[in-house]
Amino acid sequence: MQADTTDEPPTEAVGPLSRGLAVLRAVAAADGRASLGDLVRATGLARSTVDRVAATVARIGYARLDGRDVVLTPRLMELGNAYLSATGLPARLGGLADELADALDESVSLAVPDADGVRFVHQAIRRRTMALAFRIGDLVPAERAAPGSLFAAEWDDAAWRAWRRRRERDPDDAGFPAVPPPRGTAPVETFADRATAAGDAGWAQDDQFIEAGLVAVAVPVRDAAGRTVCALSVVSHTSRHDVASLREATLDALLATAEAMRARLAAPMRAPEPAGPTTSTATGGSGDPAPAVAAVLRASKRELGPEFVESFARGLAVIPAFDPEVSARARDAAAGRPVALPLTAVAEATGLPRATARRALITLEHLGYASHDNGLFRLTPRVLDLGFAHLSGLTLPGITEPHLVELVGKVHESASMAVLTDDDVQYIARVPTVRIMSVAISVGTRFPAYATSLGRVLLADLPEHERIARLARVEPVALTRHTVTSRTRLAAVLVDTAERGFALVDEELEEGLRSIAVPVRDASGRAVAAVNVSMHASRRSPAEAEAALLPPLRAAAAAIEADLVAATRFAVLVR
C-alpha cells in the first residue's frame with residue numbers, strides 16, 4: 001500500500017519538491033493544460049510559488065508556457081517511463097499480451113495494484129468503433145475492475161480499512177477521473193465476496209462495473225515465488241460478449257498466457273542496452289545522469305535566478321535514476337529483477353550529494369511515488385500520475401504542432417508535417433504564417449511525393465529496393481515546367497537527398513513555390529514523417545533558403561524526435 005499522504009510530512013521532506021509535484025498533478029488532472037490562476041486554486045499555493053514551479057518545469061522541458069497556461073510536454077513521460085522500465089513488466093510481458101490480443105481479437109491489458117486502485121501499465125487495444133478507452137497510467141477503483149478483485153484477495157486488514165476510508169471520503173469516485181461515476185452500489189456491496197471468490201478460483205470478472213457495456217475477465221500473473229505482480233485481463237463490449245461468454249471464450253487462453261508470463265518472469269532478464277543520450281534536461285543530457293546533472297541545474301539557476309526551484313528539479317532528477325536504460329547504476333542493480341536501489345546508488349546515479357538524494361527519496365516516499373524496504377528504494381505506480389495517461393494519448397500532430405508554432409515564429413514562413421500515404425505525401429499538421437501572399441495548404445491535403453520536398457526526404461529514407469519499386473510504378477507528371485519527371489534523374493535526386501539529409505524543391509509542385517524539408521525519425525532511426533518550411537520563391541534564393549531555414553528546421557525536427565522517443569517508448573502513438 002502507498003503511504004498515506006494526508007500524514008504530516010517528515011522533517012526531512014523537501015517542501016519545494018512536494019509543492020512542485022502538486023502543481024504537476026494538478027496540470028495532469030486538468031488534461032495536461034491549466035492556467036496559472038487555476039493551479040493556484042487547485043493547489044492552494046501562492047501565485048509566486050506556482051509561477052516559479054511553472055518556470056522550472058518549462059526550463060527542464062517537462063512543460064511549456066503558452067501565455068498564462070502551463071501545458072505538459074511528452075518529455076514529462078520520462079518519469080513514467082522510468083517506473084515502467086524499472087518494473088520490467090511491459091518489456092518482458094508486453095509481447096505476450098500483444099500476441100494474446102491478436103489471437104482473441106479482443107483488447108488485452110496488464111495492470112498492477114496501486115494502493116486500493118488498479119493502474120494499467122500495458123495495453124493491446126483492438127481498434128473498433130466501440131473500443132477500450134483506457135490508457136497506460138490510468139487508475140481505476142479496485143472494486144470496479146476485474147484485476148482489483150484479484151489484488152484484494154491478498155489484502156490484509158489494514159488494506160481493507162484503507163479501502164473503506166477511501167469509499168467513505170469519495171463515494172462517487174471523483175478521485176478516479178478515468179472512470180464515470182458508479183451506477184448504484186453493487187460494486188461496493190459485492191466487492192469483498194468477489195475478492196474471496198477470485199482468490200479461490202484464480203480468476204475474476206467485471207460485469208459492467210467500470211462502465212455500461214464493458215465486460216472483462218482477468219487472471220493473476222505471478223513471479224517465481226508465487227507473488228502476484230500484475231493481472232492480465234481481456235476486455236470486450238456487450239455487443240460482442242456478455243461476461244459469461246467472454247469467460248468461456250478467453251479464460252483458457254488467459255491462464256495459458258499467464259503461465260507463459262510466469263515462466264518469462266522466472267527466466268533471467270537480459271540487461272537492457274543503454275538508450276543512448278537521454279533527452280532529459282533534468283538528467284543532464286547524457287547516457288548516465290550523474291556527470292552533468294549538477295552542472296545543468298547550476299546553469300539553469302544562473303539563467304533563471306530565483307525563478308528556478310533547484311530543490312524541485314533535483315528531486316525530479318532522482319526518478320530517472322531508476323531507469324535501467326538511462327542509468328548504469330540501475331542496470332547494475334537490476335540483475336534480472338525489478339530495479340531497487342540503495343541510497344548510495346541513487347546519489348551516484350544523479351551526481352547529487354548523498355544528503356540531498358536522501359531527502360528527495362524521503363519526500364517521494366511520503367507522497368507515494370517511492371517505497372522503501374530493507375535499505376532499498378523502488379518507484380511505485382503513482383509516478384504514472386504525473387501526466388503519463390494524458391500524454392500517452394497524444395497524436396503525432398499533437399506532438400508536432402507546438403514545435404511548428406515555434407519554428408514559424410522564428411522563420412516567419414509556413415511549416416508543415418506530412419507522412420507517406422501510398423505514393424503521395426499527406427499533410428497531418430500545418431502552421432501557416434501571416435502574410436498577404438501565403439501558401440494555402442490544409443491538413444489532409446495530398447500531393448505526389450516525387451514533386452515535394454516532404455516526399456523526397458521520406459522516399460530517400462526507404463530501403464533501396466522499395467525506393468526503386470515506388471519509382472517504377474509512378475508515372476511522373478510535369479506539374480510545372482520545373483518538375484523532374486525522369487525516373488533516372490529522380491533516383492539520383494533521392495540518393496543525393498539521403499546523403500545531404502534534406503530536400504529543397506524549387507517550383508516543381510507549383511510555380512513560385514519553394515520548400516525545404518528534413519525527416520523526423522523515431523527511436524529506431526526510421527523516418528516516420530517529414531517537416532518542411534515553404535515560401536514564395538521571390539522571398540529567398542535557394543542558397544539563402546538553405547542557409548537561413550535549414551538550421552532552425554533541423555532543430556525543430558530534433559525537438560519533435562526527442563518528444564517521440566519519450567512518447568513511444570511504452571505507448572503506441574496514434575498518427
Give every donor-acceptor pair under 3.5 Å between a side-chain atom in residues 447-457 and any protein atom, sequence neighbours left out.
from   : atom 1 : to     : atom 2 : distance (Å)
Tyr450 : OH     : Val477 : N      : 2.7
Tyr450 : OH     : Val477 : O      : 2.9
Thr452 : OG1    : Ala449 : O      : 3.3
Thr452 : OG1    : Gly455 : N      : 2.9
Ser453 : OG     : Ser515 : OG     : 2.8
Arg456 : NE     : Tyr450 : O      : 2.7
Arg456 : NH1    : Glu508 : OE2    : 3.1
Arg456 : NH2    : Tyr450 : O      : 3.0
Arg456 : NH2    : Glu508 : OE1    : 2.5
Arg456 : NH2    : Glu508 : OE2    : 3.4

Below 3.5 Å, can you tabulate the donor-acceptor pairs from side chains in residues 543-550 to any protein atom, sequence neighbours excluded?
from   : atom 1 : to     : atom 2 : distance (Å)
Glu544 : OE1    : Ser541 : N      : 2.9
Glu544 : OE1    : Ser541 : OG     : 3.4
Glu546 : OE1    : Arg500 : NH2    : 3.4

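A donor-acceptor contact closer than 3.5 angstrom is absent between the side chains of His482 and Thr480. A donor and an acceptor atom, one from each side chain of Ser534 and Asn532, are nowhere located under 3.5 Å apart. Side-chain contact of Ser35 with Asp38: a donor-acceptor pair under 3.5 Å is present, judged by distance alone. A donor and an acceptor atom, one from each side chain of Glu106 and Ser236, are located under 3.5 Å apart. Side-chain contact annotation: Ser109 with Gln123, donor-acceptor N/O pair under 3.5 Å present.
Residue pairs meeting the salt bridge (Lys or Arg N to Asp or Glu O under 4.0 Å) criterion with at least one partner in residues 390-406, sequence neighbours excluded, are Glu406-Lys410.
Asp385 meets the side chain to side chain contact (heavy atoms under 4.5 Å, CB included) test with Arg119, Arg382; sequence neighbours excluded. With sequence neighbours excluded, the residues forming a salt bridge (Lys or Arg N to Asp or Glu O under 4.0 Å) with Arg33 are Asp66, Asp69, listed by chain and number. For Glu475, the salt bridge (Lys or Arg N to Asp or Glu O under 4.0 Å) partners are Arg487, not counting sequence neighbours.
Side chain of Ser327 to main chain of Asp323: no donor-acceptor pair is present (N/O by atom type, distance under 3.5 Å, no hydrogens or angles). Judged purely by atom type and a 3.5 angstrom limit, Asp522 uses its side chain to pair as donor or acceptor with the backbone of Ser524. Thr56 contributes a side-chain N or O that, together with a main-chain N or O of Val309, makes up a donor-acceptor pair within less than 3.5 Å. In terms of modelled atom types and a separation under 3.5 Å, the side chain of Thr445 and the main chain of Ser442 share a donor-acceptor contact. Side-chain atoms of His390 never come within 3.5 Å of backbone atoms of Ala28 as a donor-acceptor pair (strictly under, hydrogens ignored). Without hydrogens or angle criteria, Thr485 side chain to Pro476 main chain gives no donor-acceptor distance under 3.5 Å. A distance-only check finds no donor-acceptor pair linking the side chain of Thr421 to the backbone of Asp424 [under 3.5 Å].
Annotation: the span from Ile399 atom CD1 to Met417 atom CE amounts to 9.0 Å, rounded to 0.5 Å. Considering CG of Leu459 and CD1 of Ile468, their distance stands at 12.5 Å, rounded to 0.5 Å. Taking CG of Asp114 as the start and CG of Asp138 as the end, the distance is 12.0 Å to the nearest 0.5 Å. Distance check, rounded to the nearest 0.5 Å: CG of Leu394 to CZ of Arg135 gives 9.5 Å. Separating the CD atom in Glu413 from the NE2 atom in His536 is a distance of 11.0 Å, to the nearest 0.5 Å. Considering CZ of Arg540 and CZ of Arg514, their distance stands at 10.5 Å, rounded to 0.5 Å.
At a threshold of 4.5 Å between non-hydrogen side-chain atoms, the residues Arg446 and Asp422 count as touching. By the 4.5 Å heavy-atom criterion applied to side chains, Val121 and Tyr83 are counted as neighbours. Within the 4.5 Å cutoff, side-chain heavy atoms of Leu386 are placed close to those of Tyr369. For the pair Leu79/Leu384, no side-chain contact is recorded, criterion being any heavy-atom separation below 4.5 Å from C-beta on. Counting only heavy atoms from C-beta outward, the side chains of Leu84 and Ile136 approach each other to under 4.5 Å. Residues Leu316 and Arg314 are not in side-chain contact: their nearest non-hydrogen atoms beyond the backbone lie 4.5 Å or more apart. The shortest side-chain heavy-atom distance between Ser18 and Leu367 falls under the 4.5 Å cut-off. By the 4.5 Å heavy-atom criterion applied to side chains, Val443 and Pro397 are not counted as neighbours.
Of all non-hydrogen atoms in Ala360 and Leu17, the two that sit nearest each other are O-CD2, 3.9 Å. Taking every heavy atom of both residues into account, Thr350 and Ala317 meet most closely at CG2-O, 3.5 Å. Nearest heavy-atom pair, Asp461 versus Ala527, reported as atom, atom and distance to 0.1 Å: OD2-N, 3.0 Å. Considering every non-hydrogen atom in both Leu45 and Arg19, the closest pair reads CD2-CD, 3.6 Å. Pairing each heavy atom of Leu407 with each of Pro552, the nearest pair is CD1-O, 3.6 Å. The two residues Ala313 and Phe308 make their nearest non-hydrogen contact at CB-CZ, 3.6 Å.
With salt bridges taken as basic N to acidic carboxylate O contacts below 4.0 Å, none links Glu464 and Arg467. Between Arg59 and Glu307 no salt bridge is recorded (no basic side-chain N to carboxylate O distance below 4.0 Å). Taking 4.0 Å as the cut-off between side-chain N and carboxylate O, Glu507 and Arg481 do not count as a salt-bridged pair. Between Arg470 and Asp423 there is a salt bridge, since at least one side-chain N of the basic residue sits less than 4.0 Å from a carboxylate O of the acidic one.
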Stepwise side chain to side chain contact (heavy atoms under 4.5 Å, CB included) check, Val27 with Leu39: CA-CA 7 Å; Val27 182; Leu39 291 173; 3.5 Å; yes
Trace of the side-chain hydrogen bond (donor to acceptor under 3.5 Å, both in side chains) decision for Arg92 with Thr87: CA-CA 9 Å; Arg92 303 182 79 176; Thr87 67; over 6 Å; no
